[in-house]
Amino acid sequence: MRLYTIGFTRKSAREFFEELLGPCGAKRVIDVRLRPSSQLAGFAKVSKSDGDFQFLLQRLCGMDYVHVSELAPSDELFKSYRAGDMTWDEYAERYLGLLAERRVEHELERALFDDGVLLCSEDTPERCHRRLAAEYLQRRWGEVEIIHL
């Protein structure tokens with residue numbers, strides 16, 4: 001199974017969609033953001049009223065979109081980290097504990113993730129929960145190749 005990750009911050013819409021159109025062969029974007037409808041999401045804002053992001057994914061890339069809130073951090077955890085109340089290592093440990101509590105490896109449909117792209121806002125995966133989520137699933141499911149776009 002291949003599992004990709006991508007962030008949209010510091011990318012233009014052109015750069016973002018061209019990365020998805022590259023040779024990766026991904027089938028769907030799996031949004032792992034806590035608030036995909038945030039005003040800060042720019043071109044990647046998900047709105048129930050207009051569906052522009054989903055439309056662009058389908059039209060430009062032939063990709064489906066799904067929001068998987070089970071892989072998003074809790075509101076409390078997200079706010080604490082953003083406020084500087086914890087280090088990255090503390091955040092990572094608590095986030096991985098949250099995934100274990102949620103039993104995501106059992107609750108989520110594995111086939112959904114095959115050739116899927118975990119989407120979050122951070123421009124690089126080093127300090128982003130999408131990387132932690134991908135690595136968590138890799139450890140639990142085995143045979144998951146992670147590719148960061």
Side-chain angles (χ1 to χ4, degrees), residues 1-75 77-79 81-82 88 91-149:
M1 170 191 303
R2 283 178 306 201
L3 181 59
Y4 301 90
T5 79
I6 192 169
F8 62 84
T9 303
R10 297 189 180 152
K11 289 182 179 79
S12 67
R14 177 185 293 255
E15 291 168 325
F16 176 82
F17 288 108
E18 283 180 348
E19 279 189 36
L20 289 177
L21 281 167
C24 72
K27 298 176 185 172
R28 76 191 48 79
V29 167
I30 303 165
D31 195 335
V32 298
R33 295 177 288 172
L34 181 61
R35 295 181 189 90
S37 61
S38 166
Q39 294 298 324
L40 301 176
F43 67 84
K45 179 182 177 187
V46 174
S47 171
K48 292 180 183 178
S49 63
D50 60 30
D52 285 346
F53 184 60
Q54 298 93 315
F55 171 80
L56 291 170
L57 283 172
Q58 184 61 48
R59 183 61 64 98
L60 297 176
C61 304
M63 297 177 126
D64 297 325
Y65 169 89
V66 62
H67 181 235
V68 178
S69 60
E70 294 89 345
L71 294 180
S74 67
D75 193 46
L77 183 58
F78 182 75
K79 285 179 181 176
Y81 178 64
R82 288 291 183 203
W88 167 255
Y91 173 82
E93 183 179 336
R94 288 188 54 195
Y95 174 72
L96 293 171
L98 182 63
L99 295 184
E101 263 179 50
R102 291 175 178 170
R103 299 176 34 90
V104 296
E105 69 272 23
H106 301 291
E107 299 298 323
L108 298 174
E109 181 61 41
R110 194 175 164 157
L112 178 71
F113 292 83
D114 192 13
D115 286 327
V117 183
L118 299 186
L119 167 72
C120 196
S121 61
E122 294 295 328
D123 59 330
T124 63
E126 289 77 26
R127 291 187 180 247
C128 183
H129 76 281
R130 73 177 184 269
R131 176 185 60 82
L132 298 173
E135 291 171 356
Y136 179 91
L137 294 173
Q138 182 183 52
R139 283 191 302 277
R140 297 302 195 271
W141 290 342
E143 297 186 28
V144 174
E145 177 186 6
I146 300 169
I147 302 165
H148 301 290
L149 300 176

A.B. asks: With a 4.5 Å limit on heavy-atom distance, are the side chains of R94 and Y81 in contact?
C.D. replies: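 With C-beta onward as the side chain, the pair stays apart.
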A.B. asks: Quick one: are L119 and F53 in side-chain contact, heavy atoms under 4.5 Å?
C.D. replies: yes
A.B. asks: Sequence neighbours left out, what passes ring pair (Phe, Tyr, Trp, His ring centres under 6.0 Å) with Y4? Give chain and number order.
C.D. replies: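 Partners of Y4 by the ring pair (Phe, Tyr, Trp, His ring centres under 6.0 Å) criterion come out as none, since no residue qualifies.
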A.B. asks: Is the number of heavy atoms from other residues, nucleotides or ligands under 6.0 Å of R10 CZ greater than 12?
C.D. replies: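 Incorrect, the count does not exceed 12.
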A.B. asks: Atom CZ in R139, atom CD in E105: separation rounded to 0.5 Å?
C.D. replies: 10.5 Å
A.B. asks: Any side-chain heavy-atom pair from H129 and L98 closer than 4.5 angstrom?
C.D. replies: no
A.B. asks: Got a sec: does the CZ of R103 have more than 12 other heavy atoms crowding it under 6.0 Å?
C.D. replies: no
A.B. asks: Hey, could you give me the CG/SG distance between D31 and C120, rounded to the nearest 0.5 Å?
C.D. replies: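 So the gap between those two atoms works out to 8.0 Å.
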A.B. asks: Closest heavy-atom contact between G116 and I30?
C.D. replies: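 Looking at all heavy atoms of both residues, the shortest contact is CA-CD1, 3.9 Å.
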A.B. asks: Hey, are the side chains of I6 and E19 touching, using non-hydrogen atoms and a 4.5 Å cut-off?
C.D. replies: yes
A.B. asks: Under the side-chain hydrogen bond (donor to acceptor under 3.5 Å, both in side chains) test against T124, which residue among E126, E122, R127 passes?
C.D. replies: E126
A.B. asks: Can you confirm whether L3 sits close enough to W141 that some side-chain heavy atom of one is under 4.5 Å from a side-chain heavy atom of the other?
C.D. replies: no
A.B. asks: Okay, side chain of S121, backbone of T9: is any donor-acceptor separation there less than 3.5 Å?
C.D. replies: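 No; judged by distance alone, with no hydrogens or angles, the pair does not exist.
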A.B. asks: Can you tell me how far apart CG (D114) and CD (E109) are? Round to the nearest 0.5 Å.
C.D. replies: 11.0 Å
A.B. asks: How far does OG1 of T5 sit from CD of E135, to the nearest 0.5 angstrom?
C.D. replies: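 CD of E135 is found 9.5 Å from OG1 of T5.
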A.B. asks: Whether the side chain of Y95 engages the backbone of L71 through a donor-acceptor N/O pair (distance < 3.5 Å, no angle test) should be reported.
C.D. replies: yes
A.B. asks: May I ask you to test the R102-E107 pair for a side-chain heavy-atom distance under 4.5 Å?
C.D. replies: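 A side-chain contact under 4.5 Å is absent here.
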A.B. asks: Which heavy atom of A44 sits nearest to which heavy atom of F8, and what is that distance?
C.D. replies: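 Looks like CB-CD2, 3.7 Å.
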A.B. asks: Check for a donor-acceptor pair, side chain of S69 on one end and backbone N or O of A72 on the other, with a separation under 3.5 Å.
C.D. replies: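 Checked: no pair found.
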A.B. asks: Using the six-membered ring wherever Trp is involved, compare the ring planes of W88 and Y91 and label them parallel, tilted or perpendicular (cut-offs 30° and 60°).
C.D. replies: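 The rings of W88 and Y91 sit tilted, inter-plane angle from 30° to 60°.
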A.B. asks: State, to 0.1 Å, how close F17 and C61 come at their nearest heavy-atom pair, and which atoms those are.
C.D. replies: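 Shortest heavy-atom separation between F17 and C61 comes out as CD2-SG, 3.8 Å.
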A.B. asks: Let's go through L20 and L57 carefully: what are the C-alpha distance in whole Å and the side-chain angles of both, what is the deciding distance for side chain to side chain contact (heavy atoms under 4.5 Å, CB included) to 0.1 Å, and is it a yes or a no?
C.D. replies: CA-CA 9 Å; L20 289 177; L57 283 172; 3.6 Å; yes
A.B. asks: Output the distance between atom CG (L34) and atom NE2 (H67), rounded to the nearest 0.5 Å.
C.D. replies: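 If I round to the nearest 0.5 Å, the distance is 7.5 Å.
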A.B. asks: Is the backbone of L112 close enough, under 3.5 Å, to the side chain of R28 for a donor and an acceptor to pair up by distance?
C.D. replies: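 Checking the backbone N and O of L112 against the side chain of R28, a donor-acceptor pair under 3.5 Å is found.
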A.B. asks: Scan side-chain atoms only and decide if Q58 and Y65 contain a donor-acceptor pair under the 3.5 Å cut-off.
C.D. replies: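 Q58 vs Y65: no donor-acceptor pair found between side chains.
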A.B. asks: I need the Q138 CD to E145 CD distance, nearest 0.5 Å.
C.D. replies: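 If we round to the nearest 0.5 Å, Q138:CD and E145:CD are 9.0 Å apart.
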A.B. asks: Side-chain contact test, heavy atoms from C-beta onward, threshold under 4.5 Å: evaluate it for R2 versus I147 and give yes or no.
C.D. replies: yes
A.B. asks: Please walk me through it: do Q54 and V46 pass side chain to side chain contact (heavy atoms under 4.5 Å, CB included)?
C.D. replies: CA-CA 7 Å; Q54 298 93 315; V46 174; 3.2 Å; yes
A.B. asks: Can you find a heavy atom in the side chain of M63 that is under 4.5 Å from one in the side chain of V117?
C.D. replies: yes
A.B. asks: Can you confirm whether more than 12 heavy atoms, excluding those of E15, are under 6.0 Å from its CD atom?
C.D. replies: yes
